[in-house]
Amino acid sequence: MRLATWNVNSVNARLETVLRWFEAAQPDVACLQEIKCVDEKFPAEAFERLGYNVAVHGQKTYNGVALVSKRPLEDVRRGLPGDDGDEQARYIEAVVSGPQPVRVASIYLPNGNPVGTEKFAYKLAWMDRLNAHARELLAWEEPFALMGDYNVIPEPRDAEFPKNWEGDALFQPESRRAFRALKNLGLTEAYLQADGAPGAYTFWDYQAGAWQRNNGIRIDHALLSPEATDLLTGVSIHRDVRGWDKPSDHVPLVIELDA
DNA sequence: ATGACCTCCGAAGGAGGA
């Protein structure tokens with residue numbers, strides 16, 4: 001089973017590009033972030049025509065996440081537990097049915113800039129809630145994948161110009177520590193497990209010729225439970241998509257599970 | 001070069017992204 005995560009930066013503004021990638025890459029499951037629309041404005045029919053089921057947790061203008069799956073989606077949950085009162089649509093989770101069911105989450109972790117503001121505190125609090133939820137899921141000892149835009153640069157090697165990111169919320173010690181804490185629960189970072197070569201970026205800013213200069217960062221990640229890690233057979237980053245017409249500033253991260 | 005982009009909303013330019 002091929003699972004992808006992709007921050008599409010508006011699913012409606014990007015629909016042609018997104019569908020082009022779906023037809024080329026043929027994901028079984030795709031976790032989308034920054035759909036930037038309410039549920040009713042999500043172009044579900046376009047995906048259904050390609051044989052997909054859709055579950056959406058949308059929001060007007062900002063954020064918004066979705067799951068798109070060829071297999072039926074069961075036990076859909078919108079929002080992180082502990083999110084009561086949080087208006088920002090950043091989390092959706094469902095069980096992808098099949099002979100070996102896999103729980104999959106689409107995550108849009110807060111950016112957190114500028115550091116020292118309530119936005120950074122919100123990012124860290126959100127990561128704490130994600131940590132608590134991951135602990136609950138781990139207790140089930142089942143395959144699950146937490147996939148998405150984590151807005152965290154884990155290590156200096158995950159940026160072409162790490163000095164550029166000093167002082168940025170994506171590269172703060174607190175952000176990196178919270179990401180490590182997630183992994184230290186027993187989750188495996190799929191890219192490092194199955195490949196791990198440096199320079200594998202997933203984001204290049206639209207500004208200042210970042211793509212042309214390869215001023216990239218690796219901030220989209222797939223964290224796997226031990227039972228999902230057992231099933232991991234491969235990973236790829238679809239870097240070329242950043243060079244397409246009307247690209248998102250993120251590219252898809254794809255993992256293969258023997259499920 | 002203290003630059004440079006993109007989307008949303010809504011009808012100009014501010015907010016937000018990373």
Side-chain angles (χ1 to χ4, degrees), chain A residues 5-21 31-43 56-66 86-91 106-127 130 147-176 178-179 199-221 237 239 241-253:
Chain A
T5 176
W6 192 11
N7 178 323
V8 295
N9 185 20
S10 175
V11 69
N12 285 307
R14 201 81 50 216
L15 187 58
E16 192 178 338
T17 306
V18 170
L19 294 177
R20 176 182 168 193
W21 179 79
C31 306
L32 305 181
Q33 300 92 34
E34 276 208 276
I35 61 171
K36 292 190 173 177
C37 63
V38 293
D39 294 11
E40 307 79 62
K41 295 279 182 67
F42 187 88
V56 181
H57 184 36
Q59 179 183 340
K60 185 178 165 71
T61 309
Y62 302 119
N63 310 313
V65 288
D86 190 339
E87 301 297 318
Q88 301 189 29
R90 297 180 173 276
Y91 187 93
S106 179
I107 289 170
Y108 180 43
L109 211 145
N111 172 306
N113 278 305
V115 172
T117 67
E118 71 289 343
K119 292 185 177 182
F120 190 61
Y122 174 71
K123 176 183 191 136
L124 295 179
W126 206 96
M127 294 185 84
L130 180 60
M147 305 181 62
D149 176 0
Y150 279 75
N151 270 318
V152 175
I153 303 167
E155 299 292 336
R157 69 201 293 272
D158 298 312
E160 184 71 10
F161 302 108
K163 281 202 177 308
N164 289 2
W165 300 96
E166 289 174 5
D168 193 286
L170 279 61
F171 198 46
Q172 282 304 288
E174 295 93 329
S175 310
R176 296 171 59 195
F179 187 71
Y201 308 128
T202 63
F203 170 89
W204 295 260
D205 202 301
Y206 289 121
Q207 298 189 65
W211 168 241
Q212 289 75 12
R213 296 170 191 226
N214 193 32
N215 179 9
I217 50 179
R218 194 174 70 89
I219 56 175
D220 298 87
H221 307 295
I237 293 172
R239 176 190 178 94
V241 175
R242 185 63 177 80
W244 289 7
D245 288 338
K246 286 214 59 171
S248 170
D249 40 8
H250 296 250
V251 298
L253 165 68

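Chain A is the first sequence line, chain B the second, and so forth, proteins listed ahead of strands; every chain is numbered from 1. All heavy atoms count here, side chains included; hydrogens, waters and symmetry mates do not.
In summary, contact between chain A and DNA chain B, defined as any nucleotide atom under 4.0 Å from a heavy atom of the protein, begins and ends at B/dA4 to B/dA18 in the 5' to 3' direction.
The side-chain heavy atoms of A/Ile35 and A/Val65, taken from C-beta on, include no pair separated by under 4.5 Å.
Nucleic acid contact for A/Lys246: sugar-phosphate only, since backbone atoms but no base atoms lie under 4.0 Å from a heavy atom of the residue. Counting any heavy atom pair closer than 4.0 Å across all strands shown, A/Asn7 reaches sugar-phosphate atoms only and no base atom. Nucleic acid contact for A/Asp205: base, since at least one base atom lies under 4.0 Å from a heavy atom of the residue. Counting non-hydrogen atoms under 4.0 angstrom, A/Tyr108 reaches the backbone sugars and phosphates but no base.
Across B/dA15 and B/dG10, the matching C1' atoms stand 14 Å from one another, rounded to whole Å. Taking atom C1' in both B/dA12 and B/dT7, the straight-line distance is 15 Å, to the nearest Å. Across the C1' atoms, B/dC6 and B/dA18 are found 12 Å apart, a figure rounded to whole Å. Using atom P as the reference point in both B/dA4 and B/dG14, the two lie 15 Å apart (nearest Å).
Between A/Gln207 and A/Leu109, the residue anchored closer to the 5' end of DNA chain B is A/Gln207, taking for each the nucleotide with the nearest heavy atom. Between A/Phe203 and A/Pro247, the residue whose closest nucleotide on DNA chain B is further toward the 5' end is A/Pro247.
In this structure, CD1 in A/Ile153 is found 6.5 Å from CG in A/Asp168, a value given to the nearest 0.5 Å.
Residues from residues 208-220 of chain A with heavy atoms under 4.0 angstrom of DNA chain B, sorted by number: A/Ala208, A/Arg213, A/Ile217, A/Ile219. Residues from residues 151-158 of chain A placing a heavy atom under 4.0 Å of any atom in DNA chain B, listed by number, are A/Asn151.
Inspection of the A/Thr202 and A/Asp220 side chains reveals an N or O donor paired with an N or O acceptor under 3.5 Å. For the residue pair A/Trp204 and A/Asn214, a side-chain donor N or O sits within less than 3.5 Å of a side-chain acceptor on the partner. In the model, A/Asn9 has no side-chain atom that pairs as donor or acceptor with a side-chain atom of A/Glu34 under 3.5 Å. Checking A/Tyr62 against A/Gln88 by side-chain atom types alone, no donor-acceptor pair falls below 3.5 Å. Residues A/Tyr122 and A/Asp86 bring a donor and an acceptor atom of their side chains to less than 3.5 Å of each other.
Aromatic ring centres of A/Tyr91 and A/Tyr108: separated by at least 6.0 Å. In this structure, A/Trp6 has its ring center under 6.0 Å from that of A/Trp21.
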- Query: Which is it for A/Arg176 and A/Glu155 under the salt bridge (Lys or Arg N to Asp or Glu O under 4.0 Å) test, yes or no, and what are the steps along the way?
  - Reply: CA-CA 8 Å; A/Arg176 296 171 59 195; A/Glu155 299 292 336; 3.3 Å; yes

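Counting heavy atoms of neighbouring residues, nucleotides and ligands inside a 6.0 Å radius, atom CD of A/Glu87 does not exceed 12 of them.
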